[in-house]
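I have placed the structure first, in the form of structure tokens, so that the comments after it can refer back to it.
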Amino acid sequence: NNNFTCTDVGQLSAQQISIRDTLAYRDLAPKRELACDECTQYLPPASGSGCGGCKVMPGPAHPKGTCKVFAKKS
């Protein structure tokens, strides 16, 4: 189910939001192979669904999202 967003940055500092902007995070990758859940930096959500996290980018990350620091899992 992709009917949720991971763009709530209300708990982040201005500096953290700036990092997200610099990394050009978006909730939907243009290509499936560039999705967050295919990236080594992605941290899956504890509940098994919903927004995960990222080792590089502050705040929530959608499993189908993407950003400029995508690194394919080996």
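One-based numbering along the sequence shown.
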field: Heavy-atom closest pair, residues C39 and V69
entry: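 Taking C39 first and V69 second, the nearest heavy atoms are SG-O, 4.4 Å.
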message: For a quick test of reading the model, state the closest non-hydrogen atom pair linking S74 to T40 and the distance between them.
response: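 Nearest heavy atoms, S74 then T40: N-CG2, 4.4 Å.
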Backbone of [Y] reached by a side-chain donor or acceptor of [X] within 3.5 Å:
| X | Y | result |
| --- | --- | --- |
| E38 | A35 | no |
| T22 | S18 | yes |
| Y25 | I19 | no |

- prompt: Would one find more than 12 heavy atoms of other residues, nucleotides or ligands at under 6.0 Å from atom NZ of K31?
  reply: no
From [X] atom [atom1] to [Y] atom [atom2], the distance as rounded to the nearest 0.5 Å:
| X | Y | atom1 | atom2 | value |
| --- | --- | --- | --- | --- |
| M57 | F70 | CE | CZ | 13.5 Å |
| L28 | C36 | CG | SG | 10.5 Å |
| T7 | R20 | OG1 | CZ | 7.5 Å |

message: Does any part of the side chain of Q11, heavy atoms only, come nearer than 4.5 Å to the side chain of P58, both counted from C-beta?
response: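 The answer is no; the side chains never approach within 4.5 Å.
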task: Let me see the working for R26 and T66 under side-chain contact (heavy atoms from CB on, under 4.5 Å), right down to the final yes or no.
output: CA-CA 6 Å; R26 52 189 165 174; T66 195; 3.8 Å; yes
statement: The disulfide bond (SG atoms under 2.5 Å apart) partners of C51 (sequence neighbours excluded) come to C6
task: Please report the C-alpha distance between D37 and K64 in whole Å, then the side-chain angles of each, then the deciding distance to 0.1 Å, and finally whether the salt bridge (Lys or Arg N to Asp or Glu O under 4.0 Å) criterion is met.
output: CA-CA 7 Å; D37 62 2; K64 306 291 184 244; 3.3 Å; yes
